[in-house]
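A quick write-up on the structure given underneath.
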Protein chains: 2
Amino acid sequence: MKALLKQNIAKHISLLENEIEDFCNLFKQKLIPKKNFLLREGEICKFEGFVTKGLFRVYHIDKNGFEQILYFAIENWWITDIDSFTAETPSQLFIEALEDSEVLIISKKDKEFAYANLPQIEKLFRVMTQKTHVALQRRMIDNLSKTAESRYIEFTEKYPQLLQRLSNIQIAAYLGITNVFLSNIRKKIAVKK
Amino acid sequence: MKALLKQNIAKHISLLENEIEDFCNLFKQKLIPKKNFLLREGEICKFEGFVTKGLFRVYHIDKNGFEQILYFAIENWWITDIDSFTAETPSQLFIEALEDSEVLIISKKDKEFAYANLPQIEKLFRVMTQKTHVALQRRMIDNLSKTAESRYIEFTEKYPQLLQRLSNIQIAAYLGITNVFLSNIRKKIAVKK
DNA sequence: TCAAAACATTAAACTAGTTTAATAAATAAA
DNA sequence: TTTATTTATTAAACTAGTTTAATGTTTTGA
């Protein structure tokens, strides 16, 4: 059950077998059926999660009721609201399962225990946060400089496996456009071919 | 000269006086006159910097020649291209001084030395990267959900000290709009008052 | 298995933001 | 001090993306 997690950690840092074992034992499995929430706006995010099955969306609802998707998470991805988690303030985000999902959860307390007792864990999360940050920085530049059409094309190229599991409504909310306009883009692309 | 740096570090973590001293000694001062570059596209970013005087812009030039500003950095801010720095790949960014500036630089090698020998430094950069990431996440949501006008108003409220030191061209490149449209926005706001 | 809900597409009117170009004002350079 | 360069503003035509609404299709759930 935790093989995927161990493998994922090993990709980032090298730990002794017993250290990785100790760390993984701090995680508990949680099943989240489709359309259920791992986190809702207003709650304080007290966990960090690692998805072992299914698909989540992390999104925000603005004051006009529109949804902006910050990211998706499928198997092998980490998931949390890092803002609420670190500052212990009410979250502005929802984390919702778009499929029946399974996630390994570590509590804030246990994570702090790991920081204090397994020095390499500090490195693990530094490295992971760096990578996440780099990815978001690239997305920010793309959003500032590219048209919705090329953002869509790049999305389909970068995440083909996600594409099949998402509705166009979700993809549009990630790209920052309406699903109506996404439909236009898709038509335009289809005609080209 | 390094008082500002020490103070900034102390805000994030608690270190013994000799540890903070050892760490700060790894930094070297660099003077960058206005319009000069700390980093250019194509170079590998081999440093992390802490601004003690002046003002920098970190920006990207897209294939149409337009500039997108990822962030500004004034006194007391950190500055690097974390993507190029961690992956040791050619940077896609420019870091340019907009005023005569002074920056304290730590090399990649010395930073790794610090990670290996001062365990708290790992925490320092984990915490700093988290905070930077949270800020970028909020900016991403704002860019997806808000109009240019409200993004401009919020920028003026959040960074009043920056506002006076930047041209509208720079602010527009940060907001992701043209300076012509920013001019329209400013007029509209002025009329309202 | 049937009704209800969610989804994708299309059209048409609209608006936020761009483009190009011209002009005046401010800053920098010689 | 004069000239050149950068900056801010305005106008007018344009385009990328939105809004609303209607229609058919697919998925869901009772």
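Protein chains get the first letters and strands the later ones, always in sequence-line order, with residue 1 at the start of each. Bear in mind the structure is a predicted one, so any value in this text is a computation, not a measurement.
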What residues in residues 162-173 of chain B put a non-hydrogen atom under 4.0 Å from any atom of DNA chain D?
B/S167, B/N168, B/I169
Does NZ or CZ of A/K108 lie under 6.0 Å from the centre of the six-membered ring of A/F47, at an angle within 45° of the ring axis?
no
Choosing from D/dA11, D/dT20, C/dG17, which nucleotide comes nearest the side chain of A/V180?
D/dT20
Quickly work out the B/K188 NZ to C/dG17 P distance and round it to whole Å.
9 Å
Verify whether one side chain among A/Q29 and A/E102 offers a donor that lies under 3.5 Å from an acceptor in the other.
yes
Looking only at the side chains, is there a donor atom on one of B/D62 and B/Q68 sitting less than 3.5 Å from an acceptor on the other?
yes
C/dA11 C1' sits how many Å from A/N184 CG, rounded?
9 Å
Nucleotides 22-30 of chain D: protein proximity per nucleotide (B base, S sugar-phosphate only, - neither; heavy atom, under 4.0 Å):
------S--
For D/dG17 and A/T178 - does any side-chain N or O of the residue sit under 4.0 Å from the phosphate oxygens OP1/OP2?
no
With a 4.0 Å limit, can you tell me whether A/T147 has a side-chain N or O closer than that to the phosphate oxygens OP1/OP2 of D/dA16?
no
Distance, rounded to the nearest Å, where A/I177 contributes CD1 and C/dA16 contributes C1'
16 Å
By nearest nucleotide on DNA chain D, pick out whichever of B/F181 and A/N179 is the more 5' one.
B/F181
Which whole-number value in Å describes the distance from A/L175 CG to D/dG17 P?
11 Å
Report yes or no: do B/N8 and B/N76 form a side-chain donor-acceptor pair below 3.5 Å?
yes
Can a donor-acceptor pair be found between the side chains of A/R186 and A/Y152 at a distance below 3.5 Å?
yes
Is it true that B/L38 and B/F94 fall in one hydrophobic cluster, defined by side-chain heavy atoms closer than 4.5 Å?
no
How many whole angstroms separate atom CD1 of B/I189 from atom P of D/dT9?
11 Å
Interatomic distance where CD belongs to B/E149 and P belongs to C/dT15 [whole Å]:
15 Å
Value in whole Å for how far the C1' atom of C/dG17 lies from OH of B/Y152
17 Å
Report the distance from atom CD of A/E122 to atom NZ of A/K111, rounding to the nearest 0.5 Å.
9.0 Å
Whole-Å distance between D/dT18 C1' and A/L182 CG?
14 Å
Taking only N and O in the side chain of A/R186, is any of them less than 4.0 Å away from OP1 or OP2 of C/dA8?
no
Side-chain donor/acceptor of A/R151 to backbone N/O of A/K146, under 3.5 Å
yes
Candidate list B/R165, B/K35, B/K53, test salt bridge (charged side-chain N to carboxylate O under 4.0 Å, His left out), partner B/E99, passing option:
B/R165
